[in-house]
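Below you'll find the structure, written out as structure tokens, and then a few comments.
Just so we're on the same page: letters track the sequence lines, and every chain starts at 1.
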There are 2 protein chains.
Amino acid sequence: MKEPSAFRAVRKTVSLSDQVTDELRSMVTSGDLEVGELLPSESTLAKNLGVSRTVVREAVSRLKVDGLLSSQQGRGVFVVSTRPDRGFSMRGHDAQSIEHVLRMVELRMGFEVEAAAFAAQRRTRHDLTMMRDAQSSFQEAVASGDIQAGVDADMAFHRAVCTATDNELYLEFFNYLSSYLKETILVSRRKAATRVDGGQAPIAEHQTLIDAIADQDVDAARTAARYHIECNMHRLKTYYGVMKT
Amino acid sequence: MKEPSAFRAVRKTVSLSDQVTDELRSMVTSGDLEVGELLPSESTLAKNLGVSRTVVREAVSRLKVDGLLSSQQGRGVFVVSTRPDRGFSMRGHDAQSIEHVLRMVELRMGFEVEAAAFAAQRRTRHDLTMMRDAQSSFQEAVASGDIQAGVDADMAFHRAVCTATDNELYLEFFNYLSSYLKETILVSRRKAATRVDGGQAPIAEHQTLIDAIADQDVDAARTAARYHIECNMHRLKTYYGVMKT
DNA sequence: TTTATATTCTTATCATACAAGATACACGCC
DNA sequence: GGCGTGTATCTTGTATGATAAGAATATAAA
């Protein structure tokens, strides 16, 4: 039982940059500084904090990535947000095990069922066209056995649903989730391709959802979306079970 | 019609650090490098890319924040993830207008309805205790008129529901959302405090949800959660309407 | 073989210098 | 006085070289 990482974890090295980053972050998030305000110059900060300008620049650089600060050559460093928003990330929840995958799909479930409901309420004709186009591509891909195209079409369909919600947060969240979902869908499609029907089931499920959204039937849309995701979960369980056992 | 930003937009300054960051990012995400692999040393990269070590360090620093790289003094720079995961962020969607707030609550809707469903399936006795404790705190806060305590108890309740899902992604996502939700809840509680009943409605809605989760009644949990959020949306609309008009 | 030491990698930090963008102010012109 | 222009002087961005300190490896000693 090797545990190298356990020993690595002991290295509680807090670098100067780490400290200065925390210092600056609390300066920004504490509310002492207004949004849009100019920070002291890097040289001044370095002198005040008793470190070199290198360390200050390192810290500022990190907070720029975090979206708290912004710098302009010749002007200085500005506060763009006082909210310690590090974002929502699923790092570490990669599709290593079926458990991880299912947790991800469960999160998808919640959000996609309601996306379908909002889509049913607000969809435009253009939204419907996008969904049907994706559906056609999906059918063609399954017919021709093009797995990658199938994945793309599948994602395009769900993206179209999210677009139809008229709430960009749904779309943005889907775009984020999709980077993780992509590989699970790929697993599904690959396995589906080995079946006699070539994996036609998702197409039918999508069609039910499209019809509900077209009819602006909110409840039917929720039901169809939930059913589709539940089928996906079931398929994934089967496929992963086959693979790992 | 002033358009200073139009002129600002001309400044298409792409700094060297930006370029090298993109270069390194694509090196990492393209799959040429394995996770755990060691990158060439900063000096080597600097020489190969034709820039100073300063620029390379800046780029590496950014990718460390993004979670793609990790560095250890004396060892080198490692690849910790090949996924370009910048996280899901709602920066820019602050609660400035009622429209922004509603979009946020809509996203919350999707995810919290299903959280209630999973909670109903998987809640432990301890989970129920946490919910009921939060509920008690909520009641006390409303009775005593302590607005801040009311907000905290409200959030604690929903956090307890997410914990009961036994899916840490739900909890993590709630924790992220909550930083934005907090202020909208605060608005609600502040307004509620001016009503004759002191804003008792959410308490009753929470109780319905608790009962459903206790009974492990999945459908009732969904209904209760949806009703609660819809009431919240309605209340927010009223309050913001009053405020802004 | 094991242990201690030296060497040589690496990143982290510092100091300095210069380039380039941006601002403010004084100068000279109308 | 009013106005454009150059310039001094801020700022951040980049380069360079040196040093500190951690980590791996080769080397020598026990």
Rounded off to whole Å, could you give me the CG-to-C1' distance for the B:L38 and C:dT11 pair?
11 Å
Residue-level proximity of residues 42-57 of chain B to DNA chain C when a heavy atom falls under 4.0 Å:
B:E42, B:R53, B:R57
Output the rounded distance in Å from CD (A:E58) to P (D:dG13).
14 Å
Separation of C:dG21 P from B:L16 CG (nearest whole Å):
12 Å
In whole Å, what is the span from the CZ atom of B:R75 to the P atom of C:dT11?
12 Å
Look at the side-chain N and O atoms of B:S71 and state whether any lies under 4.0 Å from the OP1 or OP2 oxygen of C:dT10.
no
Restricting to non-hydrogen atoms, name the atom on B:R159 and the atom on B:L171 that form the minimum distance, rounded to 0.1 Å.
CG-CD1, 3.6 Å
Apply salt bridge (charged side-chain N to carboxylate O under 4.0 Å, His left out) to A:E106 and list each qualifying residue two or more places apart in sequence or on a separate chain.
B:R122
Over all atoms of both residues, closest heavy-atom pair of A:A59 and A:L24
CB-CD1, 4.0 Å
Considering all heavy atoms, the nearest B:D166-A:R103 contact:
O-NE, 4.3 Å
A:D133: which residues meet the salt bridge (charged side-chain N to carboxylate O under 4.0 Å, His left out) condition with it, sequence neighbours left out?
none
For the helix from C:dT1-D:dA30 to C:dC30-D:dG1, measure the angle between the helix axis at one end and the axis at the other, each built from five pairs, rounding to 10°.
20°
Flag this pair as yes if the NZ/CZ of A:R189 is under 6.0 angstrom from the six-membered ring centre of A:F138 and inside a 45 degree cone about the axis; otherwise no.
no
Per nearest nucleotide of DNA chain C, the residue lying toward the 5' end, A:S15 or A:G74, is A:S15
Under the salt bridge (charged side-chain N to carboxylate O under 4.0 Å, His left out) rule, collect the residues that match up with B:E114, sequence neighbours excluded.
A:R226, B:R222
Please give, in whole Å, the distance from C:dA22 C1' to A:Q72 CD?
9 Å
Quick one: A:Q73 CD to C:dA20 P, roughly how many Å, whole number?
9 Å
How many Å lie between CZ on A:F78 and C1' on D:dC10, as a whole number?
13 Å
Mind listing the closest non-hydrogen atom pair of A:N167 and B:L107 along with its distance?
ND2-N, 4.5 Å
Can you sort out the partners of B:Y170 under ring-ring contact (aromatic ring centres under 6.0 Å, His included), two or more places apart, ordered by chain and number?
B:F111, B:F118
